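Read the structure below first, then the notes.
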Amino acid sequence: MVDGYALTLASLMLTSGTAGDRYGHRRIVLTGLAVFGAGSLACGLAPGVRFLVVARVIQGVGAALLLPGTLAIIGRAFPDDARRARAIGVWAGIGSLALPAGPLLGGALTDGPGRRAVFLINGPIVLLALVWSAAVVRESVADRARALDLPGLLLGALALLAVTYAFIEGGRAGAGAPGVVTAAVVAGSALVALGVVEVRRGDTAMLPPALLARPAFGTANACAAIMNLGTLGTLFVLTLFLQSVQHRSAFLAGLALVPLFTPLAVLAPVGGRITSRIGARVPAVAGLVIAAAGLALLVRAVPGSGYAVLLRAFLLWGVGCGLLTPAVVAAAVAAVPAERSGLASAVNNSARQTGGAVGIAVAGAVAGRPDDTARSVHGFHAVALAPPAYTWRRPFTRSPCCRGRCYPSGGPGGDGNEIRAAPRWGRPGHCG
């Protein structure tokens with residue numbers, strides 16, 4: 001059920017972002033809201049597991065249409081680098097509110113009205129979002145002159161689907177399982193074919209090679225993938241530790257995580273404002289170091305340790321992510337011309353989704369079964385230490401998250417039709 005949603009979301013992200021660039025992001029976002037609402041209603045009314053799985057896939061389609069479009073609308077509504085960075089910080093903060101609210105509200109609804117209420121509550125929320133978006137959001141200028149790269153769309157969706165499935169199934173069945181090997185072969189073949197197709201199509205490709213060659217774009221997306229790989233992987237085994245090792249209920253485990261998620265929601269707008277003033281490099285490095293310090297403190301957590309041990313780690317981890325998230329997202333969006341903002345947000349979201357799937361699969365394999373307490377705790381500590389070890393072992397100037405570039409105000413490469421060398425991440429409009 002969870003995999004159906006995750007696989008659909010990951011595989012369709014690039015397609016929906018490109019479709020928004022061509023047909024208009026407002027139209028795609030409104031469609032995504034409607035589809036997600038319909039899927040939520042179907043989940044709440046599902047008579048059985050098979051119907052529920054199909055409904056979750058429908059939800060995944062709606063979410064894939066929504067995520068790149070919302071960020072692309074912000075990118076087009078705020079062409080100025082500084083204002084865009086502030087807006088992205090607010091976007092990240094609002095989105096982060098779901099992190100503490102999800103476990104608490106979901107646990108309360110499950111223990112109270114029941115599982116169906118978890119999905120049915122989306123109905124009025126989606127309806128309000130539809131009405132508000134239709135009234136407030138203006139349609140972006142559609143780039144209808146750009147031919148739709150159907151082979152690229154199909155191959156990109158297939159590659160993302162196969163990669164995500166391989167890591168999800170690999171964490172469950174092992175790397176040598178036939179399904180995992182098959183998915184890996186399909187992913188590799190699709191990526192090779194995608195590369196050939198995109199090189200031949202040149203500037204009309206879904207993923208133009210010149211765009212992927214821009215240091216700012218590649219650096220920001222690599223950093224986003226690494227961020228989610230470490231964060232979601234650790235969060236997965238942390239949840240198992242709280243419930244299976246320290247024997248908290250699902251609701252109490254969610255309540256324990258509130259100090260981790262709250263700084264992320266509160267500080268993301270602040271991080272956006274900092275990025276708008278001094279550029280992405282300083283908040284990205286600061287966020288990376290602070291989050292790594294918090295993760296390193298998790299090695300002090302053992303089955304009998306008190307909550308104070310976890311609290312210090314959660315606060316540092318959350319503060320670091322609150323600074324890092326808007327910086328890497330703003331850098332990715334700023335690295336492309338305005339007419340490709342949908343693609344930029346789709347690639348960034350795909351990088352984060354894929355990084356998260358890889359992190360969860362690897363962390364689950366390292367931690368092992370939670371009923372083996374000794375191995376599970378040892379694996380939890382190893383997973384928590386991996387991001388700090390990577391961060392502190394390499395000099396910051398050599399880290400992928402610190403070698404970024406930024407583009408001066410007015411957009412990368414001037415009018416978007418040419419590629420120029422870009423200076424380092426610095427103050428928007430005053431890079432150097």
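The structure displayed is predicted, hence computed values, not measured ones.
In this structure, Arg83 places its CZ atom where only 12 or fewer heavy-atom neighbours from other residues, nucleotides or ligands lie under 6.0 Å away.
Listed by chain and residue number, Asn221, Ala224, Val329, Ala332, Arg352 satisfy the side-chain contact (heavy atoms from CB on, under 4.5 Å) test with Asn348 (two or more places apart in sequence, or in another chain). Not counting sequence neighbours, Ala38 has no partner by the side-chain contact (heavy atoms from CB on, under 4.5 Å) test. In this structure, the side-chain contact (heavy atoms from CB on, under 4.5 Å) partners of Val61, at least two apart in sequence or on a different chain, are Thr8, Leu12, Val35, Leu65. The side-chain contact (heavy atoms from CB on, under 4.5 Å) check on Leu252 picks up Arg248, Ser249, Leu255, with sequence neighbours excluded.
Remark: the backbone N or O of Ala134 is paired with a side-chain donor or acceptor of Arg26 at under 3.5 angstrom.
One finds the NE2 atom of His25 at 10.5 Å from the OG1 atom of Thr70 (value rounded to the nearest 0.5 Å). Rounding to the nearest 0.5 Å gives a distance of 12.0 Å between CG of Leu128 and CH2 of Trp132. Of the inter-residue distances, the one linking Leu52 atom CG with Arg116 atom CZ reads 8.5 Å to the nearest 0.5 angstrom.
Residues in residues 119-131 take part in these side chain to side chain donor-acceptor pair (under 3.5 Å) pairs, two or more places apart or across chains: Ser40-Asn122.
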Without placing hydrogens or testing angles, list every side-chain donor-acceptor pair under 3.5 Å for residues 234-242, not counting sequence neighbours.
| from | atom 1 | to | atom 2 | distance (Å) |
| --- | --- | --- | --- | --- |
| Thr234 | OG1 | Gly230 | O | 2.7 |
| Thr239 | OG1 | Leu235 | O | 2.9 |

Report task. Please lay out, stage by stage, how Leu130 and Leu30 fare under the test side-chain contact (heavy atoms from CB on, under 4.5 Å). Result -> CA-CA 6 Å; Leu130 263 172; Leu30 292 178; 3.9 Å; yes

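Put simply, the residue from Ile290, Leu298, Leu264, Leu297 that forms a side-chain contact (heavy atoms from CB on, under 4.5 Å) with Trp317 is Leu298.
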